[in-house]
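Report on one structure; see the data block that follows.
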Amino acid sequence: MPVSIDKTPRHDEATGWSGTAISYRRGEVDPAHYHLEGQLLFATRGVMLVEAADRQWVIPPQRALWIPPLMVHSYSVLSDTELRAVYVSSSLIAACTNFSRNSQVHTISATPLVKELINGLFTGEYNAPIKRKMALLLLDILSETSSGGAELPMPRDERLFRAARELVFSHRWNASLIDLADIANMSERTFSRQFLRDTGFSFRTWKQRARIYASLDLLADNVPVKQIAYQLGFSCPAAFSAAFRSVMGTTPGEF
């Protein structure tokens, strides 16, 4: 896959950071690219699937993702999304001596403080020196805040990827293993074996995780749990809550 670099200048070294607000429609894809700066991705609304360092991360409004400078990444938009991207220069990263994980792609929980700092960078309420301090504080928090488990590995095989993408992007939650094997033009047995090889999950387990990640955007929009459960093909709200806890480690209400 061709890789491009975004060379658009955003800030000088004295400032050390800049931000971009982008609106995406469900299904849009940003192909593989990299930046000279470090990047913090946060969606105020919507869910994204980001690929970097040979892994995939699901980023709902409850998560933020750090991508180091020069790290090749791409992302697909799973629902209508409002993205906030904060770009941080290498010199500002170096100035944050506590940021020991600056070279690692990782997710963090978007705590109220993280959200307020990111939102503050996109308003005119603070002057440049204050915003630089806010950016530095964000880097400190990135090093201190515990990671959130939000990984959804997509299959590498092009045929499997096509089937998995159809399930996630078209919300075909009632599709069976046979349905997806047909999309991939494989036998059910071959599909199951290769899906496990590519993702580390059985198709049934992976589909369960995909449904839970799809629910995160709905929860962020305050859609009732009962409605989410039936919309995603669960037999009842209790079944959805149990599946949610098994994947996210907490209940939908607590999340």
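Every value quoted in this text rests on a predicted model; they were computed, and no experiment measured them.
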For the rings on [X] and [Y], is their centre-to-centre separation under 6.0 Å?
X	Y	value
Trp66	Phe99	yes
His73	Tyr34	no
Tyr75	Tyr24	yes
Tyr87	Trp17	no

Checklist line | Heavy-atom side-chain contact between Ser76 and Phe169 under 4.5 Å | finding: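 Yes - at least one pair of side-chain heavy atoms lies under 4.5 Å apart.
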Next item on the list: Fit a plane to each ring of His33 and His35, take the angle between them on a 0 to 90° scale, and name the class: parallel (under 30°), tilted (30 to 60°) or perpendicular (over 60°).
Entry: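 If you compare the ring of His33 with that of His35, the planes turn out perpendicular.
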Margin query: Run Ser215 and Phe240 through side-chain contact (heavy atoms from CB on, under 4.5 Å) and show every step you take.
Written below: CA-CA 10 Å; Ser215 76; Phe240 166 61; 3.7 Å; yes
Margin query: Quick check against the 3.5 Å criterion: does Asn102 have a side-chain atom that pairs as donor or acceptor with the backbone of Ile93?
Written below: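 No, because the side chain of Asn102 does not come within donor-acceptor range (under 3.5 Å) of the backbone of Ile93.
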Note to self: Can you tell me if Asp179 has over 12 outside heavy atoms packed within less than 6.0 Å of its CG?
What the structure shows: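 Yes, the 6.0 Å shell around CG holds more than 12 heavy atoms from other groups.
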Notebook entry, point to check: Using a distance-only test with no angle check, is there a side-chain donor-acceptor pair under 3.5 angstrom linking Ser89 and Ser91?
Noted result: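 Yes, side-chain donor-acceptor contact under 3.5 Å.
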Check: Do Arg156 and Asp198 meet the salt-bridge criterion of a basic N to acidic O distance under 4.0 Å?
Finding: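 Looking at Arg156 together with Asp198, the answer is no, because their closest N to O distance does not fall below 4.0 Å.
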Next item on the list: Measure across Ala85 and Phe122 and return the closest heavy-atom pair with its distance rounded to 0.1 Å.
Entry: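 The pair with the smallest heavy-atom distance is O-CZ, 3.8 Å.
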